[in-house]
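Residue numbers count from 1 along this sequence.
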Amino acid sequence: MALRRFDLEAGGETFAFKAETEPTIAFWMGKYPEDKKRSAVIPLLWLAQKDNNGWLSEPAMRTVADRLEMPYIRVYEVATFYTMFRLQPVGKNHVQLCGTTPCMLRGANDLKKVCEKRIGKKMAVTDDGRLSWEEVECLGACVNAPMVQINDYYYEDLTPESLDEILSRLAGGVDVPPGTFVDRLNSAPIGGATTLKDAALFDGSRNGVSRLPNLPEATNGDKPEAEAKGEPARSKPTNTDREEPSKATVKAADEDVELEGERPAASETSAEGGDDLKKIKGIGPKIEKQLNELGVNTYAQIAAWSGDNVKWVDGYLSFRGRIERESWIEQAKTLASEDKS
């Protein structure tokens with residue numbers, strides 16, 4: 001994986017999504033629960049790239065991070081990992097030239113020479129800002145090799161001459177329709193079909209069967225009289241009156257389980273007046289709530305846990321040694337001493 005860096009100078013200081021992009025942002029963020037909205041990071045980065053002239057500036061990445069309430073570094077990690085995100089300015093028409101084996105065997109290297117001649121080195125942008133190019137891995141159009149992707153569209157079955165013409169027209173501000181540049185329909189054979197050209201080979205007209213065999217014969221053209229006099233009797237379903245256990249029942253059943261060790265003594269301090277247990281590495285909001293339900297609300301309580309207390313809490317929370325691995329007691333002692341000082 002090549003090292004990928006931001007172009008901080010070209011990115012400016014600010015970025016804002018276009019107003020017309022907001023409904024699409026709302027669509028993608030609406031696909032995920034509020035606490036999982038960071039899952040929309042790739043779609044939002046793609047939209048930011050679209051609204052930033054085809055590349056991602058550092059302010060654009062920060063804007064995405066702020067929208068999703070993610071640390072900036074997490075968004076930077078995604079943007080630098082996926083090569084679909086470009087980290088430096090590109091031209092209005094950005095050419096992605098496939099250089100993988102099928103395209104290479106079909107002449108991709110000659111197409112590279114055209115790009116180098118017309119545009120310059122990889123990721124260079126022409127002076128008028130209309131063209132730029134890069135080499136990419138397989139774009140999945142191997143049967144139409146060699147090919148390029150220009151912005152969002154595929155241009156296939158290219159030759160150096162046809163690519164040079166495409167770039168000339170784009171440089172002049174003329175749109176070029178995408179698709180194949182030889183005599184073929186999509187991925188069909190060049191020049192048209194060469195096999196199964198006679199429709200009688202596949203339209204069923206040659207099989208000589210005018211009706212299905214072994215069908216019962218109707219008399220005088222009348223339809224046979226149905227023998228069934230009604231629907232068969234059906235038994236009532238047996239699973240409609242099931243008793244679903246309530247959350248209280250499940251919780252009571254969990255409390256009846258006998259755990260090894262000794263349950264820690266509950267604190268007289270309420271959860272609201274207690275410490276922020278989430279400062280202990282390994283304790284998140286959910287675990288903090290479970291500890292509060294046990295009456296564990298302060299650092300001092302955790303710092304004073306005995307081995308039997310640790311074993312009991314491990315079993316209650318199904319941790320299997322996590323408390324010792326993450327050094328909860330040592331962390332709690334440190335935090336409790338800091339509070340005293």
Side-chain angles (χ1 to χ4, degrees), residues 1-2 4 24 42-43 45-47 49-56 81-203:
M1 186 77 184
R4 287 159 49 81
T24 310
I42 289 180
L45 282 173
W46 183 253
L47 294 172
Q49 179 165 276
K50 289 280 191 181
D51 282 0
N52 197 53
N53 299 318
W55 72 288
L56 278 178
F81 180 81
Y82 292 104
T83 54
M84 63 189 279
F85 299 123
R86 295 181 282 274
L87 305 180
Q88 62 190 83
V90 296
K92 179 180 179 182
N93 301 286
H94 183 65
V95 179
Q96 297 180 77
L97 188 152
C98 176
T100 315
T101 307
C103 282
M104 183 269 291
L105 293 174
R106 296 278 292 168
N109 288 335
D110 294 331
L111 301 187
K112 292 180 193 177
K113 294 176 182 178
V114 174
C115 291
E116 291 170 347
K117 177 182 176 182
R118 294 300 305 260
I119 303 172
K121 295 181 179 180
K122 295 176 185 178
M123 295 308 295
V125 181
T126 55
D127 293 339
D128 58 9
R130 290 187 180 274
L131 298 173
S132 60
W133 81 284
E134 65 177 315
E135 181 179 350
V136 297
E137 296 302 314
C138 183
L139 291 171
C142 306
V143 73
N144 296 88
M147 54 81 64
V148 301
Q149 178 180 339
I150 302 178
N151 296 338
D152 294 333
Y153 299 101
Y154 280 11
Y155 295 76
E156 303 164 331
D157 300 303
L158 299 176
T159 63
E161 293 74 23
S162 59
L163 178 59
D164 186 71
E165 181 182 354
I166 291 170
L167 296 181
S168 296
R169 294 175 65 183
L170 293 175
V174 179
D175 290 335
V176 181
T180 179
F181 280 74
V182 296
D183 180 20
R184 76 193 307 179
L185 174 64
N186 300 327
S187 298
I190 295 176
T194 57
T195 60
L196 298 179
K197 299 176 71 173
D198 184 357
L201 294 172
F202 51 82
D203 66 4

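The two residues Tyr154 and Pro178 come nearest to each other via the heavy atoms O-CB, 3.3 Å. Across all non-hydrogen atoms, the minimal contact from Val90 to Met123 is CG1-CE, 3.8 Å. For Asn151 against Lys92, the heavy-atom pair with the smallest separation is ND2-O, 3.1 Å. When every heavy atom of Val143 is checked against every heavy atom of Ser187, the shortest pair comes out as CG1-OG, 3.2 Å. In plain terms, the two heavy atoms of Gly129 and Val125 that are nearest each other are CA-CG1, 3.9 Å.
Using a distance-only test at 3.5 Å, with no hydrogens or angles considered, a donor-acceptor pair links the side chain of Arg130 to the main chain of Ala171. Of the possible donor and acceptor atoms, one in the side chain of Arg4 sits under 3.5 Å from a partner among the backbone N and O of Phe85. Counting only distance, with no hydrogens or angles, the side chain of Glu161 and the backbone of Leu163 share no donor-acceptor pair below 3.5 Å. Remark: the backbone N or O of Lys112 is not paired with any side-chain donor or acceptor of Glu135 at under 3.5 angstrom. A donor-acceptor pair under 3.5 Å is absent between the side-chain atoms of Asn144 and the main chain of Phe181, judged by distance alone. A side-chain donor-acceptor contact under 3.5 Å links Thr126 to the backbone of Leu131. Side-chain atoms of Trp133 come within 3.5 Å of backbone N or O of Gly120 as a donor-acceptor pair.
In the model, Arg118 has a side-chain atom that pairs as donor or acceptor with a side-chain atom of Ser168 under 3.5 Å.
Other residues, nucleotides and ligands place more than 12 heavy atoms under 6.0 Å from the CG atom of Asp198. Heavy-atom contacts from other residues, nucleotides or ligands closer than 6.0 Å to CG of Asp152 number more than 12.
Taken from CZ in Arg184 to CD1 in Ile190, the straight-line distance is 5.0 Å, to the nearest 0.5 Å. Once rounded to the nearest 0.5 Å, the distance linking CD of Glu156 with SG of Cys98 reads 11.0 Å. With rounding to the nearest 0.5 angstrom, the CG atom of Leu47 is 12.0 Å from the CD1 atom of Ile42. The distance from the CD atom of Glu165 to the CG atom of Leu170 is 10.5 Å, given to the nearest 0.5 Å. Once rounded to the nearest 0.5 Å, the distance linking CG of Asn109 with CG of Leu97 reads 9.0 Å. Atom CG of Asp183 and atom CG of Asp157 lie 10.5 Å apart (nearest 0.5 Å).
Residues Asn93 and Val176 form no side-chain contact, since every pair of their non-hydrogen atoms from C-beta on lies 4.5 Å or further apart. Between Leu111 and Pro160 the shortest side-chain heavy-atom distance falls below 4.5 Å. With contacts defined as side-chain heavy-atom distances shorter than 4.5 Å, the pair Ile166/Val95 does not qualify.
The residue from Arg86, His94, Gln96 that alone fulfils the side-chain hydrogen bond (donor to acceptor under 3.5 Å, both in side chains) condition with Ser132 is His94.
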